Amino acid sequence: MTQCCNVYTDGSFKHSRGGFGVYVNDDRGRRTSLCGPVSNKKTNNTAELTAVIKAVDFCKTNISRPVRIFTDSSYVILSLTKLKRSNAE
């Protein structure tokens, strides 16, 4: 069975400030952290989605195995699972 690369994401927006964080435990045992501010429309959901987008962008160019993304955002989970179902139909 192929091992997955585990990616953990989080985003936050409070008091007019927002940011994202990504932790990647890649397929070679390397650990990478990414973080930064959230621009454009600043909401907590935007910050959560930004974290996942940054994680996917990083993994597309740096990871050679399947990726498993962990998030605490029900908004992100529902958005991605609904999108997946819509594209499958």
Side-chain angles (χ1 to χ4, degrees):
M1 181 163 102
T2 303
Q3 284 187 321
C4 287
C5 173
N6 291 323
V7 178
Y8 302 87
T9 66
D10 201 9
S12 180
F13 182 81
K14 291 183 182 182
H15 308 295
S16 302
R17 300 177 100 176
F20 71 90
V22 176
Y23 173 79
V24 180
N25 189 359
D26 76 11
D27 57 349
R28 294 188 180 112
R30 294 177 299 193
R31 295 179 177 104
T32 304
S33 297
L34 310 169
C35 62
V38 176
S39 56
N40 59 21
K41 294 182 182 178
K42 296 176 180 172
T43 66
N44 195 66
N45 288 337
T46 301
E48 296 282 3
L49 284 171
T50 299
V52 173
I53 291 166
K54 296 292 186 180
V56 170
D57 286 345
F58 175 83
C59 291
K60 282 176 24 180
T61 57
N62 295 288
I63 306 299
S64 61
R65 292 189 180 163
V67 173
R68 181 181 300 131
I69 296 176
F70 294 87
T71 179
D72 64 351
S73 170
S74 58
Y75 176 78
V76 169
I77 293 167
L78 290 173
S79 296
L80 294 177
T81 56
K82 184 177 180 180
L83 176 66
K84 184 177 177 181
R85 269 188 252 126
S86 295
N87 286 339
E89 295 173 357

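Since this is a predicted model, take the numbers as computed values, not measurements.
Using cut-offs of 30° and 60° for the angle between ring planes, the F70 and Y8 rings count as parallel.
To the nearest 0.5 Å, atom CZ of residue F20 and atom CG of residue L49 are 13.0 Å apart. Taking CZ of R31 as the reference point, atom CG of N25 lies at 5.0 Å (rounded to 0.5 Å).
With contacts defined as side-chain heavy-atom distances shorter than 4.5 Å, the pair T61/D57 does not qualify. F58 is listed as a side-chain neighbour of T32, based on a closest heavy-atom distance under 4.5 Å.
Paired with I69 under the rule side-chain contact (heavy atoms from CB on, under 4.5 Å), one option of V52, I77, L80, V76 passes, and it is V52.
Residues R30 and N62 come closest through the heavy atom pair NH2-O, 4.2 Å. Of all the heavy atoms in E48 and G11, the pair that sits closest is OE2-O, 3.1 Å. In terms of heavy-atom proximity, A51 sits nearest to D10 at CB-O, 3.3 Å. Between S12 and A47, the closest heavy-atom pair is N-CB, 3.3 Å. The two residues C5 and V24 come nearest to each other via the heavy atoms SG-CG1, 3.7 Å.
Looking only at distances, a side-chain donor or acceptor of N44 sits under 3.5 Å from a matching main-chain atom of F13.
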